[in-house]
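Below you'll find the structure, written out as structure tokens, and then a few comments.
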Amino acid sequence: MPESPETIQDSQPENPGSLQANLDSRRAKLQRIRQRGVDPYPPRFQRNCTADEAIKLFEAAEAAETPDRAAGISVAGRIVSMRVMGRAAFLDLRDASGTIQAMLRQNVLGDDYAILPDLDLGDFLGVDGNMIRTRTGQATIEAHALTILAKGMRPLPEKWHGLRDVETRYRQRYLDLIANPEVADTFVQRSRIISGIRRFLDGRGFVEVDTPILVPIPAGAHARPFITHHNALDEQLYLRIATELYLKRLIVGGLDKVYEIGRVFRNEGIDQDHNPEFTLLESYEAYADYNAVMEMVESLVSSLAHDVHGSMQVAMGDEVIDFTPPWPRLSLREELQRHSGVDIEDYPDAESLTGKCRDLGLAPGPREARGRLIDKMLSVYVEPRLVQPSFLIDYPEDMSPLAKGHPDKPGYVERFEAFAAGMEIANSYTELNDPDVQRARFAAQEHQRDAYDDEEADRTDDDFLTALEYGMPPTGGLGIGIDRLVMLLTGQSTIRDVLLFPQMRSLSDDGGNT
RNA sequence: GGGCCGUUAGCUCAGCUGGCAGAGCACCGGACUUUUAAUCCGGGUGUCGUGGGUUCGAUCCCCACACGGCCCA
């Protein structure tokens with residue numbers, strides 16, 4: 001008897017293929033699993049191999065002609081692909097090590113095969129079985145038992161095109177990691193870079209320390225702080241914008257070689273290389289100067305490139321960045337003069353330099369401090385040209401309130417910044433340790449804040465000045481933006497792609513998630 | 001802060017001059033014991049970002065807003 005169209009219609013859900021139908025279907029499967037007395041979220045599953053290990057073990061067993069060694073394998077992972085053919089099926093299971101194919105056959109699995117119709121893409125499954133090679137030659141686990149480990153209640157992004165929508169990728173990074181496996185590689189590399197930094201510094205006798213994130217005075221950098229409040233102390237506190245002044249207190253205290261890798265917070269805009277919270281490495285080494293730090297930076301960054309990449313050369317867009325040391329030392333004044341035609345010594349104050357910037361078409365604000373103007377000129381004329389790793393050295397004192405004056409160059413300090421791919425990756429100076437000079441520099445910054453409405457000018461930290469008065473040895477300091485370094489070493493062009501959860505504007509409703 | 005671009009099914013994307021909203025994957029029903037973007041047959045999913053406006057009629061034109069991206073400051 002032929003079925004009427006109505007009957008066929010009745011066997012279909014209300015809106016077949018809709019998200020709601022998909023959710024309903026998964027929930028119905030969940031119920032069926034439970035009705036069979038199976039826990040869809042069991043507390044544990046004992047695997048004895050990762051996907052990658054199972055395949056390697058099998059290949060080794062084949063090479064040694066000892067196939068028994070590839071029996072009794074237990075693997076687990078998320079189902080990322082399913083090819084079901086009646087009484088047999090092939091599933092691809094993914095764990096952090098990779099993907100392994102599982103072959104399911106009804107005559108082998110018996111009752112366990114009955115859960116197949118209740119499995120969906122995205123579910124976690126444990127498989128016990130033996131490694132075999134299929135007719136097409138693929139190393140595969142032939143399942144002898146199946147254990148559902150977690151039922152996925154929402155459909156995953158599409159398997160072939162992945163997840164492209166950048167907003168979803170950042171807001172729901174877990175979906176990005178599932179749908180775009182190469183994204184995970186970047187974050188694994190990030191972890192390797194950071195542990196490589198620790199190994200490097202620990203190997204040189206540095207001590208890793210933790211200094212306060214909640215601070216009464218947000219000093220040590222040019223930035224606007226985030227403000228918060230401590231209820232019990234009834235005191236306004238800030239999130240740190242740098243770790244510098246606390247680390248120097250530890251140099252005063254005699255630790256001699258200290259570093260901190262930590263999050264700092266700057267209340268400013270978001271773009272391709274700025275996120276309001278980012279990871280900063282700062283290190284301080286007593287009895288070193290900025291020349292010694294330059295050598296350390298070359299050595300550190302090139303060894304990281306080698307460790308992470310296996311090569312000193314890293315592709316970045318159309319360029320190949322070669323981190324092989326030594327990197328050129330370029331005088332800031334000379335580079336500015338070469339590329340802008342301006343000798344900053346001809347413009348000793350903000351007023352004259354503002355005029356010159358206007359001539360150059362740089363659109364300076366009406367009241368910008370001289371250091372800020374030079375910074376602007378650098379970012380236009382010099383920094384974009386610094387594609388291969390290089391050091392820009394000897395900065396004007398105006399823009400470096402914490403650096404020691406250069407003995408041979410009045411008005412300049414012993415400071416360098418390292419650049420690669422046009423991006424600043426390190427900032428360092430021979431530290432200012434004369435408490436009176438430091439006090440005067442802070443005063444100049446306070447004046448800059450008032451006279452030029454420069455909210456980012458540095459702030460006086462009297463407790464730090466007291467520490468300096470007890471005596472700080474000659475010291476070389478360093479700051480490296482870890483996120484930008486990771487960008488460079490992994491070839492990513494936006495900071496969002498090296499931050500697992502980049503800052504996003506909050507959504508007013510439910511986040512488009514339902 | 002300004003300019004430009006984007007927002008269509010769970011995902012990836014089409015949608016012509018304003019005239020019934022489209023495909024692939026995913027999903028649902030069926031077949032299938034070596035597939036691998038499985039295949040075959042059947043099903044077709046939607047607040048076209050939100051709110052206004054113009055129009056007989058708006059995914060499309062106009063305005064505002066939201067979110068995102070790029071460029072500029």
Side-chain angles (χ1 to χ4, degrees), chain A residues 2-29 79-94 99-110 113 116-123 132-143 152-172 175-176 178-180 268-274 357 361-366 368 372 376 379-380 493-497 502-514:
Chain A
E3 288 185 327
S4 69
E6 288 78 10
T7 308
I8 292 168
Q9 198 66 38
D10 285 348
S11 72
Q12 296 282 341
E14 190 78 14
N15 297 307
S18 68
L19 175 60
Q20 192 55 52
N22 195 318
L23 300 180
D24 291 346
S25 155
R26 284 168 185 261
R27 195 152 290 282
K29 291 172 179 177
I79 302 172
V80 293
S81 177
M82 273 203 273
R83 295 171 294 283
V84 180
M85 289 156 296
R87 285 179 281 279
F90 292 87
L91 310 186
D92 293 335
L93 296 184
R94 192 158 80 212
T99 303
I100 187 168
Q101 176 172 269
M103 181 168 74
L104 281 53
R105 293 199 290 167
Q106 191 177 46
N107 61 333
V108 174
L109 276 163
Y113 197 76
L116 185 62
D118 294 331
L119 294 179
D120 285 300
L121 290 184
D123 294 355
I132 58 153
R133 213 164 267 285
T134 63
R135 200 169 286 171
T136 53
Q138 183 170 354
T140 295
I141 181 167
E142 185 178 41
M153 298 306 289
R154 287 177 180 271
L156 293 178
E158 199 232 11
K159 62 183 173 185
W160 188 243
H161 296 97
L163 179 65
R164 297 271 173 77
D165 182 73
V166 291
E167 189 167 351
T168 309
R169 287 185 49 223
Y170 299 145
R171 288 191 194 276
Q172 295 178 275
L175 292 181
D176 190 28
I178 294 165
N180 305 313
E268 51 202 28
I270 298 170
D271 63 27
Q272 283 173 331
D273 38 32
H274 291 87
C357 284
L362 289 182
E368 287 201 71
R372 310 284 294 179
K376 185 171 281 183
S379 66
V380 171
S493 55
T494 161
I495 197 170
R496 297 181 198 97
D497 286 336
Q503 196 68 45
M504 302 285 277
R505 192 182 290 272
S506 299
L507 295 175
S508 48
D509 56 6
D510 66 357
N513 201 20
T514 50

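Within every chain, numbering begins at 1; the chains are lettered A, B, ... in the order of the sequence lines, protein sequences first and strands thereafter.
- Residues A/Tyr170 and A/Asp165 bring no donor and acceptor atom of their side chains to less than 3.5 Å of each other.
- By the side-chain contact (heavy atoms from CB on, under 4.5 Å) test, A/Leu23 pairs with A/Leu19, A/Gln20, A/Arg154, A/Pro155, sequence neighbours left out.
- The residue A/Asn107 sits close to a base: some heavy atom pair falls under 4.0 Å.
- Nucleotides B/rA37 and B/rU45 are separated by 29 Å at their P atoms, to the nearest Å.
- Atom name C1', nucleotides B/rC16 and B/rC25: the rounded distance is 26 Å, in whole Å.
- Positionally, the nearest nucleotide of RNA chain B for A/Asp165 lies more toward the 5' end than for the other of A/Lys29 and A/Asp165.
- Spacing between B/rG44 and B/rG24 at atom P, rounded to whole Å, works out to 13 Å.
- Here the nucleotide nearest the side chain of A/Leu19, chosen from B/rC27, B/rG10, B/rU33, is B/rG10.
- Using a 4.0 Å heavy-atom criterion, one finds that A/Thr168 contacts no nucleic acid atom at all.
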- Query: Which letter, B, S or -, goes with each nucleotide of nucleotides 68-73 of chain B from 5' to 3', with contact meaning a protein heavy atom under 4.0 Å?
  - Reply: SSSS--
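- As rounded to the nearest Å, B/rU12 and B/rU8 have C1' atoms that lie 12 Å from one another.
- Taking 4.5 Å as the limit, every side-chain heavy atom of A/Thr168 sits out of range of all side-chain heavy atoms of A/Arg171.
- Taking the nucleotide of RNA chain B with the nearest heavy atom to each of A/Pro117 and A/Met103, the more 5' of the two is matched to A/Pro117.
- B/rG18 and B/rC63 have their P atoms separated by 16 Å, given to the nearest Å.
- A donor-acceptor contact under 3.5 angstrom links the side-chain atoms of A/Arg83 to the base of B/rU35.
- B/rU17 and B/rC61: their C1' atoms are spaced 12 Å apart (whole Å).
- The separation of B/rG51 from B/rG69, taken at their C1' atoms, amounts to 23 Å, rounded to a whole angstrom.
- A/Ser25 comes within 4.0 angstrom of sugar-phosphate atoms only, judged by non-hydrogen atoms across all strands, and of no base.
- Contacts of A/Arg105 with the nucleic acid, taken as non-hydrogen atoms under 4.0 Å apart, include base atoms.
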- Would A/Asp123 and A/Lys29 count as a salt bridge (Lys or Arg N to Asp or Glu O under 4.0 Å) if you check the C-alpha gap in whole Å, the side-chain angles of each, and the deciding distance to 0.1 Å? CA-CA 11 Å; A/Asp123 294 355; A/Lys29 291 172 179 177; over 6 Å; no
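- The closest side-chain donor-acceptor pair between A/Gln101 and A/Thr140 falls under 3.5 angstrom.
- Separation of the C1' atoms belonging to B/rG49 and B/rC27 is 24 Å when rounded to the nearest angstrom.
- Here A/Leu175 lies out of heavy-atom contact (under 4.0 Å) with every strand.
- Here A/Arg372 does not pair with A/Glu368 in a salt bridge; the nearest charged N to carboxylate O distance is not below 4.0 Å.
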